[in-house]
*Asks:* 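Quick one: this structure, given as C-alpha cells, is what I'll be asking you about.
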Amino acid sequence: MRIAVVGAAGMVGSRVVNEAASRGHDLIAIVRKMRPTSLPPGVTAVEGDADDPDHMSGLFHGFDAIVAATRPALGREHTAVGTTTALLDAAATARTRILVVGGAAPLQVPGRPDRLVLDSPEYVPQEWRTLAAASAAQLGACRPHPANWVYLSPPAVLEPGRRTGTYRRGITTLIAEPDGTSRISAEDLAVAVLDELENPCEHQHFTVGY
C-alpha cells in the first residue's frame with residue numbers, strides 16, 4: 001500500500017512509520033517542519049501543513065491510505081477539530097481513506113454505558129480534561145463528514161514501550177484490565193493501525209488495549 005502519515009515526528013506517528021516500513025509499505029512521513037530525524041530506509045520525509053486542505057490533498061493524491069496522528073500542543077487543544085476537519089477535507093478531495101488516531105475520551109466506561117471516559121476522573125485527571133474534551137469534539141467532527149474515515153480511540157494510557165504484536169480490539173467501550181488499568185504501548189497501537197489499514201473492519205469507531 002501507499003500510505004501517508006501526518007504527524008510522523010510524534011510519538012504515535014513515528015511508530016506508525018516504523019511499523020508500516022517493516023511491513024514493506026510505500027510511505028511518506030509528513031511533518032510540519034523538517035528537522036534531522038531518523039527514518040527507516042526508503043521512507044521520504046515531506047513538509048506539510050495539516051491545516052491547509054488544498055496543499056494536503058495534493059500530497060495525498062495517489063495514496064491508498066492516510067494516517068492522521070496529529071496532536072495539539074498544550075494550550076492549543078482548541079485547534080484539534082479544525083486540523084482534523086482540514087485533513088478530512090483533504091482526504092475527501094483526494095478520495096483516499098483516512099484513519100484518525102484520536103483519544104479515549106469518547107469511549108464508554110466499562111460497565112457504565114451511560115458514562116464517558118471524558119467524565120471519569122479515574123481515567124481523565126483534571127489537568128488532562130481539556131485535551132480529552134478536544135478528542136471527543138474531534139470524533140464529533142468526523143461523524144457527519146463525507147470522507148472515508150475511521151477513528152481509533154487508544155486506551156486511557158498510551159506511552160512508549162515495546163512491541164508485543166498483541167492487543168485486544170473493541171468498539172465504543174474502553175478496554176481495561178479487571179483492576180481498571182487501561183493501557184497500550186505506542187508500538188502496539190501502531191500494530192493496530194496497520195492491521196486496520198490492511199484488513200479494514202466494518203466499524204468507523206474502534207478502540208484497542210491490553
Side-chain angles (χ1 to χ4, degrees), residues 7 10-16 19 65 67-72 74 77-81 83-85 87-88 97-145 147-210:
M11 178 181 68
V12 172
S14 61
R15 271 84 175 169
V16 170
E19 182 68 24
V67 178
T70 60
R71 177 173 172 161
L74 290 177
E77 293 88 352
H78 63 281
T79 65
V81 168
T83 298
T84 301
T85 300
L87 290 171
L88 291 168
R97 185 170 188 248
I98 180 169
L99 186 152
V100 178
V101 180
L107 295 170
Q108 296 165 334
V109 173
R112 291 287 305 275
D114 60 329
R115 187 178 185 185
L116 297 180
V117 170
L118 173 64
D119 302 316
S120 305
E122 65 269 34
Y123 292 119
V124 180
Q126 185 60 37
E127 61 268 28
W128 291 107
R129 199 173 193 284
T130 301
L131 181 61
S135 71
Q138 183 185 43
L139 177 59
C142 291
R143 291 198 188 281
H145 203 283
N148 181 8
W149 61 269
V150 60
Y151 187 95
L152 169 56
S153 283
V157 177
L158 172 63
E159 57 191 3
R162 67 185 184 91
R163 183 190 187 282
T164 69
T166 60
Y167 59 89
R168 290 190 288 159
R169 179 176 171 129
I171 306 173
T172 58
T173 299
L174 185 76
I175 293 177
E177 299 289 354
D179 65 359
T181 302
S182 173
R183 62 174 296 274
I184 198 170
S185 69
E187 288 75 6
D188 279 336
L189 188 81
V191 173
V193 168
L194 268 296
D195 287 349
E196 169 64 25
L197 294 184
E198 293 174 349
N199 297 289
C201 294
E202 71 273 19
H203 301 107
Q204 280 192 295
H205 181 201
F206 75 102
T207 186
V208 295
Y210 292 139

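Side chains included, hydrogens not; waters and symmetry mates left out as well; all remaining heavy atoms used.
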*Asks:* Minimum heavy-atom separation for Leu118 and Ala136, please, with both atom names.
*Replies:*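 That would be CD2-CB, 4.3 Å.
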*Asks:* Using the salt bridge (Lys or Arg N to Asp or Glu O under 4.0 Å) rule, collect all pairs that involve residues 197-210, keeping only residues at least two apart or in two chains.
*Replies:*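 Applying salt bridge (Lys or Arg N to Asp or Glu O under 4.0 Å) to every pair that reaches into residues 197-210, excluding sequence neighbours, yields Arg23-Glu198.
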*Asks:* Within the distance-only criterion (no hydrogens, no angle test), does the side chain of Tyr167 pair as donor or acceptor with the backbone N or O of Ser185 below 3.5 angstrom?
*Replies:*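 Checked: no pair found.
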*Asks:* Which heavy atom in Leu174 sits nearest to a heavy atom in Ala104, and how many Å separate them?
*Replies:*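 Taking every non-hydrogen atom into account, CD1-CB, 4.2 Å.
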*Asks:* For the residue pair Leu116 and Ser120, what are the closest heavy atoms and their distance?
*Replies:*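 Answer, listing the atom of Leu116 first, then Ser120: O-OG, 2.9 Å.
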*Asks:* Taking side-chain hydrogen bond (donor to acceptor under 3.5 Å, both in side chains) as the definition, give me every residue that meets it alongside Thr172, ordered by chain and number, with sequence neighbours left out.
*Replies:*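 With neighbours one apart ignored, the set is empty.
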*Asks:* Tell me the closest heavy-atom pair linking Ala141 and Leu88, and the distance in Å.
*Replies:*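 What the structure gives for the nearest pair is O-CD1, 4.1 Å.
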*Asks:* Gly170 and Ile175: which non-hydrogen atoms are nearest, and at how many Å?
*Replies:*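 So the two residues come closest at N-CD1, 3.5 Å.
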*Asks:* Side chains of Pro72 and Thr83: does their closest heavy-atom pair fall under 4.5 Å?
*Replies:*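 Contact flag for Pro72/Thr83 side chains = no.
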*Asks:* Taking all atoms of both residues into account, what is the closest heavy-atom pair of Leu197 and Ala65, and its distance?
*Replies:*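 Closest approach of Leu197 to Ala65, heavy atoms only: CD2-CB, 3.9 Å.
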*Asks:* Run the salt bridge (Lys or Arg N to Asp or Glu O under 4.0 Å) test against Glu159 and tell me which residues pass, sequence neighbours left out.
*Replies:*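 Residues passing salt bridge (Lys or Arg N to Asp or Glu O under 4.0 Å) with Glu159: none at all.
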*Asks:* Let me have the donor-acceptor pairs involving side chains of residues 126-135, under 3.5 Å, with sequence neighbours excluded, atom names and distances please.
*Replies:*
| from | atom 1 | to | atom 2 | distance (Å) |
| --- | --- | --- | --- | --- |
| Arg129 | NH2 | Asp119 | OD1 | 2.6 |
| Ser135 | OG | Ala132 | O | 2.7 |

*Asks:* Can you pull the salt bridge (Lys or Arg N to Asp or Glu O under 4.0 Å) pairs that have at least one residue in residues 177-193, sequence neighbours excluded?
*Replies:*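 For residues 177-193: Arg15-Glu187.
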*Asks:* Look up atom CH2 in Trp149 and atom CD1 in Ile98, then write down how far apart they are to the nearest 0.5 Å.
*Replies:*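 Going from CH2 on Trp149 over to CD1 on Ile98, the span is 11.0 Å.
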*Asks:* Could you pull out all residues at least two apart from Arg97 that satisfy salt bridge (Lys or Arg N to Asp or Glu O under 4.0 Å)?
*Replies:*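 In terms of salt bridge (Lys or Arg N to Asp or Glu O under 4.0 Å), with neighbours along the sequence ignored, Arg97 is linked to Glu196.
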*Asks:* Using the side chain to side chain contact (heavy atoms under 4.5 Å, CB included) rule, take Val16 and Val101 through it: C-alpha gap first, then chi angles, then the decisive distance, then the call.
*Replies:* CA-CA 11 Å; Val16 170; Val101 180; 5.6 Å; no
*Asks:* Identify, with sequence neighbours excluded, every residue that meets side-chain hydrogen bond (donor to acceptor under 3.5 Å, both in side chains) alongside His203.
*Replies:*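 By the side-chain hydrogen bond (donor to acceptor under 3.5 Å, both in side chains) rule, His203 matches no residue at all.
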*Asks:* Not counting sequence neighbours, which residues clear side chain to side chain contact (heavy atoms under 4.5 Å, CB included) with Arg112? List them please.
*Replies:*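 Side chain to side chain contact (heavy atoms under 4.5 Å, CB included) list for Arg112, sorted by chain: Val109, Asp114, Arg115.
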*Asks:* List for me each residue that meets side-chain hydrogen bond (donor to acceptor under 3.5 Å, both in side chains) alongside Thr85, sequence neighbours excluded, and say none if there are none.
*Replies:*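 Listed in chain order: nothing, the list is empty.
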*Asks:* Could you go through Leu87 and Val100, starting from their C-alpha distance and side-chain angles, then the distance that decides it, and tell me whether this counts as side chain to side chain contact (heavy atoms under 4.5 Å, CB included)?
*Replies:* CA-CA 9 Å; Leu87 290 171; Val100 178; over 6 Å; no
*Asks:* Keeping the roles fixed (side chain from Thr164, backbone from Thr166), state whether a donor-acceptor pair exists under 3.5 Å.
*Replies:*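 Here the side-chain-to-backbone pair exists.
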*Asks:* Suppose we screen for salt bridge (Lys or Arg N to Asp or Glu O under 4.0 Å). Which residues come up paired with Arg168, at least two apart in sequence or across chains?
*Replies:*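 Not a single residue meets the salt bridge (Lys or Arg N to Asp or Glu O under 4.0 Å) criterion with Arg168.
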*Asks:* Run the side chain to side chain contact (heavy atoms under 4.5 Å, CB included) test against Ser153 and tell me which residues pass, sequence neighbours left out.
*Replies:*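 Checked Ser153 against side chain to side chain contact (heavy atoms under 4.5 Å, CB included); matches are Pro106, Leu107, Tyr151, His205, Thr207.
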*Asks:* Who passes side chain to side chain contact (heavy atoms under 4.5 Å, CB included) against Ala176, sequence neighbours left out?
*Replies:*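 Checked Ala176 against side chain to side chain contact (heavy atoms under 4.5 Å, CB included); matches are Pro110, Tyr123, Ser182.
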*Asks:* What is the distance from atom CD of Glu19 to atom CZ of Arg163, rounded to the nearest 0.5 Å?
*Replies:*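 The CD atom of Glu19 sits 4.0 Å away from the CZ atom of Arg163.
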*Asks:* Walk me through it: do Leu152 and Phe206 pass the test side chain to side chain contact (heavy atoms under 4.5 Å, CB included)?
*Replies:* CA-CA 5 Å; Leu152 169 56; Phe206 75 102; 3.4 Å; yes
